[in-house]
Amino acid sequence: MNDTNLAELADLEQVIERHWRQHRPTMYAELQEQGELEASIRQAADNTRGAVAQLMDEQGLPFLFAWEAVREEWAILPAEEDVDEGDDAVARDAMAAVLGAGDEGGTWDEDE
């Protein structure tokens, strides 16, 4: 991934924080209450950056295609109003994706 593409993801934590606050207020409040909001945002950004880099490096995808392919995995989660109220599994899966995705250690490592 080159410097131009890295610059496009430089403010990803801010993008995630705004998106979650606006579109995932319940999850946002729960993470904040548990003291895990900042770490979760950082993890989501790291996972997203790593996945974008991996798609670009290993599959040769252009930056925008790689971003589109992975942005909804960790960073730009579906809005709460788009998830059925009774479907708690979707919310749990979204949080698991944020907190547990990446390599076996829970993060993406671009050097691997």
Side-chain angles (χ1 to χ4, degrees):
M1 191 153 70
N2 64 38
D3 291 340
T4 302
N5 297 327
L6 286 174
E8 296 210 32
L9 294 179
D11 66 344
L12 187 55
E13 285 85 358
Q14 293 172 346
V15 169
I16 292 169
E17 191 274 335
R18 282 190 307 263
H19 177 80
W20 288 5
R21 185 173 10 103
Q22 181 177 0
H23 298 285
R24 303 289 304 196
T26 303
M27 181 186 84
Y28 184 94
E30 289 173 0
L31 288 170
Q32 195 170 37
E33 184 178 302
Q34 296 167 1
E36 296 178 1
L37 180 62
E38 289 181 26
S40 296
I41 289 171
R42 205 170 26 256
Q43 185 68 52
D46 289 347
N47 289 346
T48 302
R49 285 187 189 105
V52 167
Q54 184 177 29
L55 288 172
M56 291 175 64
D57 294 344
E58 293 179 8
Q59 296 183 19
L61 288 180
F63 171 76
L64 288 177
F65 287 107
W67 165 249
E68 288 286 326
V70 302
R71 69 180 183 175
E72 293 179 2
E73 290 292 320
W74 304 285
I76 311 300
L77 300 175
E80 287 174 357
E81 60 267 12
D82 293 340
V83 178
D84 293 335
E85 281 185 37
D87 196 357
D88 290 336
V90 173
R92 282 194 303 275
D93 289 347
M95 282 311 304
V98 169
L99 299 174
D103 64 18
E104 292 177 12
T107 60
W108 288 93
D109 185 356
E110 293 182 33
D111 295 332
E112 291 185 355

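All values below were derived from every heavy atom in this structure, side-chain atoms included, with hydrogens, water molecules and symmetry-related copies excluded.
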Do the non-hydrogen side-chain atoms of [X] and [Y] ever get within less than 4.5 Å of each other?
X   : Y   : result
Q54 : V70 : no
V52 : L61 : no
R18 : Q14 : yes
L55 : F65 : no

Can you tell me how far apart [atom1] ([X]) and [atom2] ([Y]) are? Round to the nearest 0.5 Å.
X   : Y   : atom1 : atom2 : result
L64 : R71 : CG    : CZ    : 10.0 Å
E17 : Q22 : CD    : CD    : 11.0 Å
E72 : T48 : CD    : OG1   : 11.0 Å
Q43 : E36 : CD    : CD    : 11.5 Å
T26 : L31 : OG1   : CG    : 11.0 Å

Name all pairs fulfilling the ring pair (Phe, Tyr, Trp, His ring centres under 6.0 Å) condition that reach into residues 23-51, sequence neighbours left out, sorted by first residue then second. H19-H23
One thing to verify: whether R24 and E30 come together as a salt bridge, which I'm taking to mean a side-chain N less than 4.0 angstrom from a carboxylate O. no
Say whether, by atom type as modelled, one donor and one acceptor occur between the side chain of E73 and the main chain of N47 under 3.5 angstrom. no
Looking only at heavy atoms, what is the nearest atom pair of [X] and [Y], with distance?
X   : Y   : answer
W20 : W74 : CZ2-O, 3.5 Å
A75 : L12 : CB-CD1, 4.5 Å
L9  : R49 : O-NH2, 2.7 Å

Heavy atoms from other residues, nucleotides or ligands near CD of E38 exceed 12 (cutoff 6.0 Å):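 No, not enclosed.
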CD (E33) with more than 12 external heavy atoms under 6.0 Å: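 For E33, atom CD is not crowded (no more than 12 foreign heavy atoms under 6.0 Å).
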